[in-house]
Amino acid sequence: MSLFESVPLAPADPILSLTEAFKADSNPEKINLGVGVFVDDSGVTPILDTVREAEKRLAESNTTKSYLPIPGKPDYAALTQELCFGPDLKSRLSGRIVTVHTPGGTGALRVAADFISKNLSSPTIWLSTPTWANHKGVFSAAGLETKNYAYFDHGTLSLDYPAFKQSIQNIPAGDIVILHACCHNPTGADLSPEQWDEVAEIATERGWIPFLDFAYQGFGTGIDEDAYGVRKLAGSRGPCFVAQSFSKNIGLYRDRVGALHILTESGEENQRVASQIKVAVRSNYSNPPTHGGDIVITVLGDAELRSRWEKEVAVMRDRINQVRIQFVNALKEAGISRDFSFLENQKGMFSFTGLNKEQAIELRERHSIYIVESGRVNVAGITSSNLPRLASVLKNLIEN
């Protein structure tokens, strides 16, 4: 009997497996609206000009490939904190933020999960219904129990704020609530500033701990505007967790660059938390990779590059917003009677279309159009060349 005879075949990842199927599809008109990657109108995920400039500078100036410290470079911590919290709040919270450079936003979530599992009193992790497909897996793998709070109304395809508010008012003190800071994945339905204000009040009153997943800063309304919820919660109370990613807004997908920020209540508490975070990192990946982090330091730490980068983020954000409008108009012009105007009100790359599992499968198997079986689409994958075909196929699918 083989040592691995009893190892079962794991189910395919519901999103990444779509990419594999898409790549294997020989249809020249295939369309990938599944994986969460930004593409330009030619269907290419671009390398930002500021990233190219940063890499050029690094290639000329790097003198070593030695290991980084366990939490990463101090400059990385300072610059990512400032982007996340803003300069004023960062200054106010000086000495109270533990920051560690992680391999992507997923790495930040997992380091936090390991820290929570080992050091806190077995809190339940609360996830929105629906949420990013990997949230449950990350926290469950660390031995943490997950439960769900209400968030989205599948009937109206919009945020169900009354149900959401009632749910979070019933979450016990000490539990941890995962909140999408902006560009909710997978629905695109975000909280307004006024609603974030209420969330902060409820968190303080009920005593549960906010954990902001901040993967799309700049892709919603603006770099500072998208940070409203993070800054409101961090500024109104502590403790607080934030998982930050630079896959989307700096385009560092394959470089895996992220940060975990933990807001503590005192300098002494900061030291103890930082020591345990280092243990979590050391037993996982030991220390972070340097290349992507150095790109972030170079782009955010140089005033001229930072200004150019902000313009590049605006270009990506504007494309996403324009595609939403074009998509809605194309569906209307195709003669689809269903109202899809809700797509224009959602933020970021993702939207729930209201299409069901059977329709998603039909799109994939008969038309080589790849969307997640929940009906979620990455609107950034829509281009001027594939939009007419997409609208035509959807008309036949929906109206017949």
Side-chain angles (χ1 to χ4, degrees), residues 9-47 130 132-134 154 157 183 185-188 216 219 247-248 251 253-254 315-316 318-344 346 348-400:
L9 181 67
D13 183 276
I15 297 176
L16 297 184
S17 61
L18 279 178
T19 300
E20 295 174 3
F22 175 80
K23 290 179 178 178
D25 193 330
S26 60
N27 186 343
E29 294 186 310
K30 62 186 178 181
I31 302 172
N32 187 3
L33 305 181
V35 67
V37 175
F38 176 86
V39 298
D40 59 24
D41 194 52
S42 64
V44 174
T45 300
I47 298 175
W132 178 48
N134 205 25
H154 287 270
L157 295 171
C183 305
N185 180 4
T187 70
Y216 303 98
F219 271 31
S247 294
K248 276 71 179 181
Y253 297 91
R254 65 174 58 176
V315 168
M316 291 188 286
D318 290 346
R319 164 169 156 67
I320 292 169
N321 292 335
Q322 285 301 310
V323 165
R324 288 184 176 280
I325 296 170
Q326 293 163 6
F327 188 27
V328 171
N329 290 339
L331 295 176
K332 188 183 301 182
E333 291 169 2
I336 296 176
S337 57
R338 185 186 300 180
D339 181 12
F340 280 90
S341 60
F342 62 87
L343 293 168
E344 297 179 358
Q346 296 170 350
M349 296 197 298
F350 303 117
S351 284
F352 262 13
T353 59
L355 298 175
N356 58 38
K357 180 179 178 179
E358 291 71 25
Q359 290 171 319
I361 292 172
E362 182 175 346
L363 284 174
R364 181 175 72 245
E365 294 184 349
R366 293 188 57 191
H367 304 285
S368 297
I369 297 174
Y370 292 78
I371 72 170
V372 182
E373 291 185 358
S374 63
R376 189 212 81 177
V377 299
N378 173 18
V379 295
I382 300 172
T383 66
S384 56
S385 62
N386 67 33
L387 179 56
R389 176 170 178 263
L390 175 63
S392 175
V393 170
L394 288 176
K395 172 181 168 51
N396 291 330
L397 179 72
I398 293 170
E399 297 294 317
N400 296 330

Give a yes or no answer on whether the side chain of [X] reaches the backbone of [Y] with a donor-acceptor pair at less than 3.5 Å.
| X | Y | value |
| --- | --- | --- |
| Tyr216 | Met349 | no |
| Thr383 | Ser42 | no |
| Asp41 | Ser384 | yes |
| Asn378 | Val37 | yes |
| Gln359 | Asn356 | yes |
| Ser368 | Asn27 | no |
| Ser351 | Thr353 | no |
| Ser17 | Asp13 | yes |
| Asn321 | Asp318 | no |
| Arg324 | Leu343 | yes |

Exercise for the section: Test Asn32 against Val35 for side chain to side chain contact (heavy atoms under 4.5 Å, CB included), laying out the working first. Expected result: CA-CA 7 Å; Asn32 187 3; Val35 67; 3.8 Å; yes
Exercise for the section: Please report the C-alpha distance between Glu399 and Arg338 in whole Å, then the side-chain angles of each, then the deciding distance to 0.1 Å, and finally whether the salt bridge (charged side-chain N to carboxylate O under 4.0 Å, His left out) criterion is met. Expected result: CA-CA 9 Å; Glu399 297 294 317; Arg338 185 186 300 180; over 6 Å; no
When rounded to the nearest 0.5 angstrom, what distance separates [atom1] in [X] from [atom2] in [Y]?
| X | Y | atom1 | atom2 | answer |
| --- | --- | --- | --- | --- |
| Asn185 | Arg376 | CG | CZ | 5.5 Å |
| Asn329 | Ser341 | CG | OG | 10.5 Å |
| Leu33 | Phe350 | CG | CZ | 11.0 Å |
| Lys357 | Glu362 | NZ | CD | 14.5 Å |
| Tyr370 | Asp25 | OH | CG | 3.5 Å |

Problem - Six-ring centre of Phe22, Lys30 cation under 6.0 angstrom, axis tolerance 45° - result: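 Satisfied, under 6.0 Å and within 45°.
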Exercise for the section: For the pair Phe340 and Phe327, name the ring-plane relationship: parallel under 30°, tilted 30 to 60°, perpendicular over 60°. Expected result: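 Correct class here is tilted.
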Exercise for the section: Given side chain to side chain contact (heavy atoms under 4.5 Å, CB included), test Leu363 with Leu355 step by step and report yes or no. Expected result: CA-CA 10 Å; Leu363 284 174; Leu355 298 175; 4.0 Å; yes
Exercise for the section: Starting from the C-alpha separation in whole Å, work towards a yes-or-no answer on side chain to side chain contact (heavy atoms under 4.5 Å, CB included) for Val393 and Arg366. Expected result: CA-CA 10 Å; Val393 170; Arg366 293 188 57 191; over 6 Å; no
Kindly indicate whether the side chain of [X], heavy atoms from C-beta on, has any atom under 4.5 Å from the side chain of [Y].
| X | Y | value |
| --- | --- | --- |
| Phe342 | Phe352 | no |
| Val39 | Thr45 | yes |
| Gln326 | Leu387 | yes |

Problem - Check against side chain to side chain contact (heavy atoms under 4.5 Å, CB included), Lys248 and Met316 - result: CA-CA 10 Å; Lys248 276 71 179 181; Met316 291 188 286; over 6 Å; no
